[in-house]
Amino acid sequence: MSDSVFKNYISGQWVAGNKKPIANISPADITDVVGHYAQADQEQTHAAITAAKAGQLEWEKSGLEQRYSVLMAIGDELIARKDELGAILAREEGKTLAEGVGETYRSGQFFRYYAAEVLRQMGETADSVRPGVEIETRREPVGVVGIITPWNFPTATGAWKIAPALAFGNAVVWKPANQVPASAWALTEIISRQDLPAGTFNLVMGPGAEVGDTLINSRDINALTFTGSLETGRKVAAATAANLVKCQLEMGSKNALVVLDDADLDIAVECAVSGAFGGTGQKCTASSRLIVTEAIHDRFVEAVIDRMKQLVIGHPLKEGVHIGAVADARQMEQNLVYLELAKKEGGTLIYGGEVLTEETEGYYMQPALFTDTTNNMTINREEAFAPIACVIKVKDYAEALATLNDTNFGLTGGICTTSLKYASDFKRNAKTGCVMVNLPTAGTDYHVPFGGRKDSSFGSREQGTYAKEFYTIVKTTYIRA
Ligand code: NAD
């Protein structure tokens, strides 16, 4: 790019925004400007959708090997440049370099996986109930897909939607979160160099209230996939339903990790600490509730505190740092509100929670552990998206399971136990989309379905082969020979 503003990408062209560009400021160092990014408006969002309609008609005619090559090249480049792009991601989002590099690598894996998936598009045949007639079903592209993503996984949420969308012959209009445009722009730049018809892939950066709102209310898109908060998700569902546009939502959660008396204490502590505080607690899969049975409770709490004392909080690019910065001032403010609320409701802040001053001015917080909390406290009902974990003491496994399921959300649920009986029962009866046994609630694979229940998800599953339900439409053909 020759000038200093990173542009939108519409119809195969880099286009300046109709609105004033925004500065992308690192939450780890507010003097560090990652770059200036164009802001699209309603008109440019419509232009991107129109371009996508034209691009899709070309792209759906592309040969499978062209699609395979495009997706594989994107995946390979993400993986080859994981250190460079991971550092940009860490700077703009605040997560550690290791997490940024890991996310970039994982994003490459999504593209490689769906490259291979391109070559596995098999249909079905059936005999008709009418003699002499044969039936075949095949999957066709759903059309133009609107993609809206959150700030906490700037590259990965884009990747796990863009890759299957392109693999199945669709065109894309991507609106990333405005807090993290650098990672979205970098991925778009890679995509822009591939052998794709103009308009097949479009990037429109800008605020949700204008760019996102235009996208979700468009009658010219065929499907809308969204990851973000429950509040915005409800708006997306209402807007797309009004136009009968296919919609898929992945939203927040209030995940719990159950720790039973018979758990391996070391494993339980590692699961709790990495599940609750990894990514600065800003993961939809974070275990913000720790449901612990009586006999192990005190030992577990003590061991978690010991482990928390070893965590190094600091600038994401600094070596040896385990926990980076909170994503922005608004999120930091919200974390502190929840911290106070938990105290007011009767929770005991047994460790952490302090605002930290580092060498660079940013949003740093010591992860917090509360004990003496109950499942009906606001801190255990609402998603705080913060490095705050709350211990809920329960009598036994039955009460633990009931407590885990007593929530409006249902993304992931975990249990630490050495009992096959309890692990097996938990696998069947946890009302969550993903279940983890002796593993943290956060951390999923890229080749299997991902999603939740209740207020956490809506529509068909993402990832793995299950993604084709969303990105394709089935055609049934009857043939009389
Ligand atoms: P958010 O809902 O504020 O924003 C998500 C996206 O929606 C952004 O791109 C935003 O600009 C856009 N948006 C905002 N208002 C809009 C509107 N009126 N119309 C259309 N688009 C609009 O969420 P966030 O704060 O960016 O992300 C955090 C949330 O994402 C948390 O709740 C977290 O649990 C969730 N999340 C879920 C998953 C999952 O897979 N379940 C993964 C990551 C994050």
Side-chain angles (χ1 to χ4, degrees), residues 22 27 37 39-40 42 45 92-95 103 106 110 146-161 173-181 183-184 203-218 221 224-240 242 245 247-255 278-288 326-328 330-335 382-386 407-412 432-434 441-444 446 449-459 461-463 467:
I22 53 157
Y37 289 84
Q39 296 287 281
Q42 225 180 35
T45 310
E92 73 169 345
E93 202 271 351
K95 63 179 66 176
E103 178 175 340
R106 172 53 55 93
F110 279 115
I147 296 181
I148 299 181
T149 52
W151 50 260
N152 67 329
F153 283 103
T155 310
T157 46
W160 80 56
K161 295 173 189 296
V173 178
W174 183 21
K175 192 218 98 60
N178 231 7
Q179 296 94 324
V180 287
S183 300
L203 173 76
V204 278
M205 297 176 284
E210 178 154 3
V211 176
D213 185 73
T214 306
L215 198 52
I216 65 176
N217 283 292
S218 171
I221 60 168
L224 192 294
T225 174
F226 167 86
T227 298
S229 64
L230 174 60
E231 191 191 349
T232 312
R234 285 192 198 283
K235 289 184 195 161
V236 175
T240 50
V245 165
C247 148
Q248 175 187 64
L249 311 172
E250 289 300 340
M251 299 167 287
S253 196
K254 199 67 211 169
N255 312 294
T280 326
Q282 300 166 153
K283 290 186 186 177
C284 52
T285 49
S287 28
S288 49
V326 172
D328 60 14
R330 217 186 62 178
Q331 184 63 42
M332 187 70 169
E333 221 170 273
Q334 182 180 303
N335 294 0
E382 295 179 4
E383 183 187 51
F385 226 47
T407 170
N408 292 335
F409 294 105
L411 188 54
T412 62
T432 55
C434 308
T441 58
T444 55
Y446 60 94
F450 173 72
R453 295 187 186 187
K454 305 190 222 170
D455 287 353
S456 290
S457 294
F458 181 80
R461 282 281 184 264
E462 297 202 85
Q463 302 179 22

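Indexing begins at 1, ligand by ligand and atom by atom, following the structure's order.
- Taking the six-membered ring where tryptophan is involved, the planes of Phe385 and Trp151 are perpendicular, since the angle between them exceeds 60° and thus also 30°.
- Ligand 1 lies out of reach of Gly452, whose nearest heavy atom is not under 4.0 Å from it.
- Taking both residues in full, the closest heavy atoms of Glu383 and Gln334 are given as O-NE2, 4.2 Å, listed atom of the first, atom of the second, then distance.
- Counting protein heavy atoms only, atom 38 (C) of ligand 1 is closest to Cys284 SG, 3.0 Å.
- The environment of CZ in Phe450 is crowded: more than 12 heavy-atom neighbours from other residues, nucleotides or ligands sit within 6.0 Å.
- For ligand 1, the atoms closer than 4.0 angstrom to any heavy atom of Asp213 are 19 (N), 20 (C).
- In summary, Asp455 and Arg234 engage in a salt bridge, as defined by a charged side-chain N under 4.0 Å from a carboxylate O.
- Here the protein heavy atom with the shortest distance to atom 21 (N) of ligand 1 is Gly212 CA, 3.6 Å.
- Heavy atoms of Ser457 found under 4.0 angstrom from ligand 1: none, in either backbone or side chain.
- Taking a 4.0 Å cut-off on heavy atoms, Asn178 fails to register as neighbouring ligand 1.
- Remark: side-chain polar atoms of Asn255 are paired, donor with acceptor, to backbone N or O of Cys284 under 3.5 angstrom.
- By the 3.5 Å distance cut-off applied to N or O atoms, Ser229 is counted among the residues near ligand 1.
- Below 3.5 Å of separation, one finds no N or O of Gln179 facing any N or O of ligand 1.
- Under 3.5 Å, the side chains of Lys254 and Thr407 contain no donor-acceptor pair of N or O atoms.
- Among the atoms of Ala209, none of the N or O lies under 3.5 angstrom from an N or O of ligand 1.
- Remark: side-chain polar atoms of Glu462 are not paired, donor with acceptor, to backbone N or O of Trp160 under 3.5 angstrom.
- Close contacts between ligand 1 and Phe226 involve ligand atoms 2 (O), 5 (C), 6 (C), 7 (O) [criterion: under 4.0 Å to a heavy atom].
- Annotation: cation-pi geometry satisfied between Lys95 and Phe153 (NZ/CZ under 6.0 angstrom from ring centroid, within 45° of ring axis).
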Open item on the list: Test side chain to side chain donor-acceptor pair (under 3.5 Å) on Thr45 and Lys175; report intermediate values, then the result.
Closed with: CA-CA 9 Å; Thr45 310; Lys175 192 218 98 60; over 6 Å; no
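- Of the candidates Ala184, Gly206, Gly208, Ala239, Gly208 brings a heavy atom nearest to atom 19 (N) of ligand 1.
- With ligand atoms numbered from 1 in the order given, ligand 1 contributes 41 (N) to contacts under 4.0 Å with heavy atoms of Leu411.
- Side-chain atoms of Ser253 do not come within 3.5 Å of backbone N or O of Ser456 as any donor-acceptor pair.
- For atom 31 (C) of ligand 1, the closest non-hydrogen atom of the protein is Glu383 OE1, 3.4 Å.
- In this structure a side-chain-to-backbone donor-acceptor pair under 3.5 Å is missing from Gln331 to Val326.
- For a threshold of 3.5 Å applied to N or O pairs, the pair formed by Pro207 and ligand 1 contains no separation below that value.
- Closest to atom 16 (C) of ligand 1 among all protein heavy atoms lies Thr232 CG2, 3.3 Å.
- For atom 44 (C) of ligand 1, the nearest non-hydrogen atom of the protein is Asn152 OD1, 3.2 Å.
- Against a heavy-atom cut-off of under 4.0 Å, Phe450 is close to the following atoms of ligand 1: 40 (O).
- Ile148 CG2, 3.7 Å is the protein heavy atom nearest to atom 12 (C) of ligand 1.
- Less than 4.0 angstrom separates some heavy atom of Thr227 from each of these atoms of ligand 1: 5 (C), 36 (N), 37 (C), 38 (C), 39 (C), 40 (O), 42 (C), 43 (C), 44 (C).
- Of all protein heavy atoms, the one lying nearest to atom 11 (O) of ligand 1 is Lys175 NZ, 2.9 Å.
- Close approach of ligand 1 to Thr149 (heavy-atom distance below 4.0 Å) involves ligand atoms 6 (C), 8 (C), 9 (O).
- The two residues Thr214 and Gln42 come nearest to each other via the heavy atoms OG1-CG, 3.1 Å.
- Of all the heavy atoms in Ser457 and Gly451, the pair that sits closest is OG-C, 3.7 Å.
- Annotation: atom 35 (C) of ligand 1 to nearest protein heavy atom, Gly228 O, 3.2 Å.
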